[in-house]
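A quick write-up on the structure given underneath.
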Amino acid sequence: MLQKKKSKLLKRLRSGLSKSRTNLSYQIKNVFQREKITDEVWDDLEAILIGADIGMDATLAIVDDLKKQIKTEHIFDPGELKEFLKKELIKELNTCPNKINPSNLGDISIILMVGVNGTGKTTSIGKLAAQLRGEGKSVTLVAADTFRAAAIEQLQKWAERSGSNFIKHQRGADAAAVVFDAIQSLRAKGSGVNIVDTAGRLHTYVNLMEELKKIKRVTLREADGIPVLTLLVIDATTGQNGIVQAKAFHEALGLDGLILTKLDGTAKGGIAIAIQQQLGVPITMIGFGEEIDDMGPFKAEDFVEALLD
Amino acid sequence: MFQSLSDRLQNIFSKLKGHGKLSPSDVDEAMREIRLALLEADVNFKVVKNFVNKIKERAVGAEVLESLTPSQQVIKIVNEEMTALLGSTESKLLYASQPPTVVMLVGLQGSGKTTATAKLAHLARNQGKHPLLIAADIYRPAAIDQLIALGEENNLPVYHMDEKPEKIVETGLKEATKRALDVVIVDTAGRLHIDENMMDELVRLKKLARPHQILLVVDSMTGQDAVNLAKSFQDKLDFDGIILTKLDGDARGGAALSIREVTGRPIKFISLGEKINSLEVFHPDRMASRILGMGDVLTLIEKAQAASDSQQAEELERKIRKSEFTFEDFLSQMRQLKKMGPISQIIKMLPGMPSASGMKNLNVSDKDMVRIEAIIESMTPEERIKPAIIKGSRRERIAKGSGTSVRDVNQLLAQFNQTKKMMKKMLGMSKKMGRKGTFPF
């Protein structure tokens, strides 16, 4: 079962890329098939990394490091360069290991999902709920997005699909109050996972970020020892603003991990590398489709493989 | 951590300002900075390459080196090329001569289509039209509920049924004709540009609905992939224009330049917030000058005009000029400002604001506005006109009356004096610039 899921994941990631009309994949092939490592190879390599949204700073750091390695290891073949690049990226990604994830939190836990508008928070919650249900846990979806039209209904449908419980208030109600009620109910039951859906918000709105801080405060206070996991949902198509976003959410809440969504497209999600590097927040899960099981744990090797495929 | 593109370019230009004449190496340095800034702004790397080459070609030429103020020339070239890249004409919502005008919105998941659908309908209604929204996103859970809720909130009719998108659109269009509604806006499901089945569905919908305009909705935070998605949508659907969303965030929106360059299609609207009226017509020249740190003065003026009458504005201008600006005016200005939208957004549009030190960390919330209003309302009419008389005991009384502290009152008084100075300065600047918007360097 697990094997089947893993192969589906890789297949999905790859099929997205093979279908892509980008010349990025073509370019990658082209670079590593050249005869010698010339300046042009380095320029193209830079373009590939920037094209994957890894960003200027991280790209320059990676290329500099590679140049040094190539020199000490006496490498002249671009084909070998690719292996070095892979290792470099994997090393980079493994510097902040993903220690805690939704599955190893224990019998009772709370997961807060946050992010800007349209990154796929609610969908990710649905998928995560299905996964945890599959592990035999009791899951409750908490509708703390009381702002967006029909957000509550959307989450309710995912609760039905995944066989989870559902807690809601009216639209426009205080989000922290919903969270409060949900934790009381969790404590009364004594076990299970609360997954909290919060409203998408741009990190530039001070008031909305304050509201989110309040939700976290109330959660920590009421959780009183129950593990709380705060996950930021980042869209793989996001450019360099992703770093600014992640930084703002991290400063406001303290993030435990990232969920990188929409990896079934042509975007490579390189921004996650930049975020990891700058903030030390690990990528916990990845999302790659609309089906309820299109989500999996993040594996640096697979991710880099897909990135340079 | 990151400087904004406008900050960055302003830095470069302040470096250039120091020189009497531009050497080729100065130009090289500026180009390197521009390249970096554009890449960090998410402009696609190929588009950046072309753009920088174009500028360099023009900048190193005699045109710059022999001119009297080389820095002005470079700024002018960057501005011109960027405006040209963004599209050189204004775009509006075009109505068909034979109603109903059919507009179809397409895009990736989460780009903001449903919200944009409602906003676009609101805009059409403000232009005297009678819109109908068609909910054709049957895939995302509760997407139809979302559109219905938005319709109810804003009093916009929404057509929906439990059927396939083709059927929904077909009957929806008939409904529009039957009810004599003259603008139809179709909200389609978000989809990946490489999902062949879903893209084919859009092709079928296009054939069926024969939209007068297909608009691609793009998140302004999109990175390098923007070119791929735009190209795919263009190949399949040959869309007519772009709506750029979430510009109320701090993304630098380089995707706009990329998409414009690879598709040649105009950006028609920009979307800036959760409010129904936060959809604006896109002005390439203003966007370019905003990127260059000129501030979106023109948009601000336009907004102010919609919110206040011009006579009042003239009166105000006279008062500022004569330094007769009082707390009464401040209050009425603030109330008009509130009509224009969230204050944090308006501040961003002011020229010089993105880079003015100190202003960057200024977080003015709408809550602050309420407090300020309370303080002013606790002043006597005399105090409002002659703030200089507000000394110790008066300050205490005002603080008590407004439920604030003396510190708050002091702060407001200081702010008021600062505002007065700034407004005078701005007035002088806009006069110097004239309507054409030449550079005040």
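FYI, side chains are in, hydrogens and waters are out, and symmetry mates aren't considered; it's all heavy atoms of this structure. Remember, it's a predicted structure, so these values are computed and weren't measured experimentally. Letters go in sequence order (proteins before strands), and every chain restarts at 1.
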Quiz item: CD1 of A/Ile234 to CE of B/Met221: how many Å apart, nearest 0.5 Å?
Solution: 9.0 Å

Quiz item: Stepwise, does the side chain to side chain donor-acceptor pair (under 3.5 Å) test hold for B/Asp42 with A/Asn241?
Solution: CA-CA 8 Å; B/Asp42 292 323; A/Asn241 192 246; over 6 Å; no

Quiz item: What do the steps show when you test B/Arg191 against A/Glu290 for salt bridge (Lys or Arg N to Asp or Glu O under 4.0 Å), and what is the final call?
Solution: CA-CA 10 Å; B/Arg191 65 203 73 214; A/Glu290 306 236 292; over 6 Å; no

Self-check item: Side-chain H-bond candidate by donor/acceptor type, B/Asp225 with A/Thr266, under 3.5 Å
Solution: yes

Quiz item: Is A/Lys157 salt-bridged to B/Asp145, cutoff N-O under 4.0 Å?
Solution: yes

Practice problem: Could you please state which residues from residues 107-121 of chain B sit under 4.5 angstrom from chain A, measuring non-hydrogen atom to non-hydrogen atom, sorted by number, or 'none'? | Solution: B/Leu108, B/Gln109, B/Gly110

Self-check item: Exercise: identify the closest heavy-atom pair between B/Leu272 and A/Tyr205
Solution: O-OH, 4.3 Å

Quiz item: Does a side-chain heavy-atom distance below 4.5 Å link B/Thr222 with A/Thr238?
Solution: no

Quiz item: Which value, rounded to the nearest 0.5 Å, describes the distance between B/Glu40 atom CD and A/Ile243 atom CD1?
Solution: 8.5 Å

Self-check item: Pairs of heavy atoms under 4.5 Å with chain A: top-ranked of B/Ala226, B/Ala255, B/Gly223
Solution: B/Gly223

Quiz item: What distance separates A/Ile271 CD1 from B/Gln224 CD, expressed to the nearest 0.5 Å?
Solution: 10.5 Å

Quiz prompt | chain B-proximal positions within residues 117-130 of chain A [heavy-atom distance under 4.5 Å] | solution = A/Asn117, A/Gly118

Quiz prompt | Non-hydrogen side-chain atoms of A/Phe147 and B/Glu274 separated by less than 4.5 Å | solution = yes

